[in-house]
Amino acid sequence: MMRRVLVDHARHRDRVKRGAGAPRVSLDEADALVPPRDVDLIDLHDALERLGQLDAEQARIVELRFFGGLTIEETAEVLGSSPATVKRDWASARAWLYRELHGAPP
Amino acid sequence: MTPERWRQIREVFDAACALPADERGAFLTGLCDGDNELRREVESLLAASAADPEFLETPAVLSGLDLPEEPSPRERIGPYRVVGELGHGGMGTVYAGVHEQGGFTRRVALKVIRRGMDSDLILHRFLTERQILASLEHPLIARLYDAGTTEDGLPYFVMEQIDGRSLVADCDARCLPVAARIELFRQVCAAVQYAHQRLIVHRDLKPSNILVTADGVPKLLDFGLATVLDPEIAAADVTIAGARLMTPDYASPEQVRGDRVTTATDVYSLGAVLHELLTGRPPRAGEPERPSAAVLTAPEEVSRARGTTAHRLQRQLAGDLDNIVLKALRQEPERRYGSAEQLAEDLHRHLAGLPVSARPDTLWYRTRKLAQRHRAGLAAAAAVILAVALLTVFYTVRLARERDHARREAETARQVSVFLASLFELSDPERAKGAKLTARDLLDRGARSIDHDLAGQPAVAAAMLDLIGNVYRDLNLYPQAKPLLERSLALRTRTLGAESAETAESRRDLGTLLHSMGDDKSARALLEQALRTQERVLGPSHPEVAKTATTLANVLKATGDYSRARALFERAIAIQQAAPGGATLDATKTLSNYGLLLQRLGDPQGAKALFERALALQEKLLGPQSPTVASTLNNLASTERQLDDLSDAIRLEERALVICEAAYGRDHRVYAAMLGELGNMMNARGDRAHALELLRSSVEAYEKALGPDHPDTANAVRNLAILYAEGGDHATALGLFLRVLSIRERARGPEDPFVAQSLEDVAQERLHLDPAAPVEPLLRRALAICRGKLPPAIWTPAACSSFWAAFSASTTRRPRASPCSRRAPRSSAAPCRREAPTSGTPNPGCAPAPAHDEVS
């Protein structure tokens, strides 16, 4: 759900940004709290759909961790799994998604 | 890839991850057993995993997505009731708030700054800058009133609430053509220029910070906020290091780099806003394309919203407007327009068909402009080639002269801007200390460096001296202002002669200052001469003539030459009413000051009408909560009081007080004066308890604002003493009168008329306490001072005779006689009465409070 909201928000933002006269916000928002990582939310969403085809549980972990802001332990609790498993699955999911979004590093 | 294959890859990947990096190669060779594709997959995942250790590790909610913030319902912010949310973005959330006090409701916008900034520092800085922010009074700039901290510790700002649409949206909705957009934009430039002259840079100009009201008037939001929310404050908290108050699409290159911003930064942002006004979108970062090229790729709505076609729009923009926009958007600050004013001037020249500065001045370009401007003339002359040639020569010569003059002026203006901008540069030691510059620092620094930095440029130096001197005067820093204005006058007299328009300006500004300082004799001479020069050089109906006439009229009023003062006010009003472009702030000042004169002349009806006219204009130009509005309300209240409408007077005064509290805070002399005024009104209404409370607060406010030994504080103490005396508490009153006497003797010397007044006060109270008290020496001393010092205009015969009656009464030990009748009705012309805080009279006993003082 959280992810849906976020992605819809990003899509909306993208749309208004391309149109004329969209209000633009100052850069001193939460952006500034943490330097924004270069994540295109819509591409990530699409990649996550593909990951879900390979392993639904892993996609869920990414959703909870990245979109929900849950820790490894909290994610394990939500999924009824162990933190060690979540940590392992998270690592490979991250690597896979990175490769999907940025291509294989040289 | 299938799920099965993925599971296989993951197992190998997981196992490899658990190993040290240098063992992984051997491990994979052993495990993959010839499955090269599996090995490649795992290796590429391992590389991906190491490529960015932070990838996805920061949850989206923190990583820079501008999510709608969870609405935390706020019901109150400080003393304000929240009635709605106006917007969200930028630095936090903006709420609509109301403040109910004294039977009327004040609407404000409340900007709550998001978490992460240091509230104490922000508040501290706001208080430091408050004087300067309060002086930022411009019809097109939304006011920043106050700052505070919410219950949960977030800083908030109280601002003028503006109902309007964002600049671009408004122009599009009204389908404004290019010329109308430029006219609107030029007004914005003028407001920016005004703030720059007070050394306040906006730093975040963008269409959404420029609202257009239903009347089509642009209003700039958030001016002054950057001064308070300096990024260096934010840097105090490491989590927000690097946060800058800016919006990427409109931010200048130096801002993006994090270099120091100057007035040129705002010029860039103005260029970006203009780009969007013309083409429908902000400029591309880096090397912006020509607006005329940008519109060709724009959607059709863009040209339609400008009432034209894409092709026509392209032609309108090509040439001058391309050059103007690109000049404002230059990467190097020093290659942009030197000021917002110059940008506006070039746009004006474009609209008028004159050559613009943003264009190489080729012969071809000049000729083409000439032909455009005189199309009819040239067409007619075309029949006679000789005529064409002559005309061309004529116009070219005249044009060259025009241009030379314009260039000289433009050069001075440019140099002033360069100098202003240079003031923002920190020297190395300052940078090392992490110094933050307040606007006041910048002013002081400017004043100090004029001699050194502008030694070879007398025109620029004189303009700067005049500019900074006037800002000091606006801030009531008279001793700082005086040497600057004197030097400006001397420099201009030496380089331009005694009779130039510039010299007259300096003379007028110095005269205005001297009048504020009480030296009306010198002020009058300077102003008379300035007026003569301006009438001759600028013409008799120039706005500058009206401005000087008003100031001179104030001086004449102060020196008792009422009929001439009246004539000058009438003349200034006539000029200002006829001025194209409608009423200006200067016009409202003339109306107010004329009203004060009529009030003095015993015509409260006439005064009331003038104050009401001024009030309506000021509310329109400055918004209902400006300190200028408060001052006019205060004037209006005093006329209502003269007209015996006490409840109206109290209502108006309460409104004025609330505005002043917001604009200046509680420890400001204007606020203190208004408290005293309201106290006197309450007393007149018979509400003694309330009056006592207000007058006590007034004394406290004066003590905080000016110190316990200031003559104005003494006046406030005296008002309080009178209240006690009237209530029969003569012991308390005597104590207070003695305090007033000692302050006055120290501050003004033993021979001052004020001291006479205090001697008389003390004598009277002592007689009340003990009819046999030996007061004769006190009264003899007072009488000696009055005889020697008081000019007849101040010490009226009535006052003198009542004083004398008191004196003889004291010698015959009759305590009831009341000298210099403190309790005489307020409307009489006798001077030494308790109207002290607001009368604005030249009467030394009754120092005028600034709130009610004439406006210069």
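Each chain gets a letter, A, B and so on, in the order the sequences are listed, and its residues count up from 1. Fair warning: this is a prediction, and the values are worked out from it, not measured in the lab.
- Side-chain N or O atoms of A:R94 include one that pairs as donor or acceptor with a backbone N or O of B:F55 at under 3.5 Å.
- Residue A:I72: no heavy atom, backbone or side chain, is found under 4.5 Å from chain B.
- Contact of B:S44 with chain A is made through backbone and side chain together, with heavy-atom distances under 4.5 Å.
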Checklist entry - Between A:S92 and B:D14, does a side chain to side chain contact (heavy atoms under 4.5 Å, CB included) hold up when you go through it step by step? => result CA-CA 7 Å; A:S92 54; B:D14 290 346; 4.2 Å; yes
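- Looking at B:W6 and A:Q53, their side chains never come closer than 4.5 Å, going by heavy atoms from C-beta outward.
- Looking at every heavy atom in both residues, A:A95 comes nearest to B:S49 through CB-CB, 3.8 Å.
- Using a 4.5 Å heavy-atom cutoff, the side chains of B:L56 and A:Y98 are not in contact.
- B:D52 has its side chain out of reach of A:H102: every pair of non-hydrogen atoms, C-beta onward, lies at least 4.5 Å apart.
- With a 4.5 Å cut-off on side-chain heavy atoms, A:L54 and B:R5 do not count as touching.
- Remark: the backbone N or O of B:A15 is not paired with any side-chain donor or acceptor of A:R88 at under 3.5 angstrom.
- Salt-bridge check for A:R99 with B:E41: passed, with a basic side-chain N closer than 4.0 Å to an acidic carboxylate O.
- Looking at A:Q58, the atoms closer than 4.5 Å to chain B (heavy atoms on both sides) all sit in the side chain, from C-beta outward.
- Environment of CD in B:E4: crowded, with over 12 heavy atoms of neighbouring residues, nucleotides or ligands closer than 6.0 Å.
- Side-chain contact between B:P3 and A:D55: absent, with no pair of heavy atoms (C-beta onward) separated by less than 4.5 Å.
- Contacts of B:T2 with chain A are made by backbone atoms alone, with heavy-atom separations under 4.5 Å and no side-chain atom involved.
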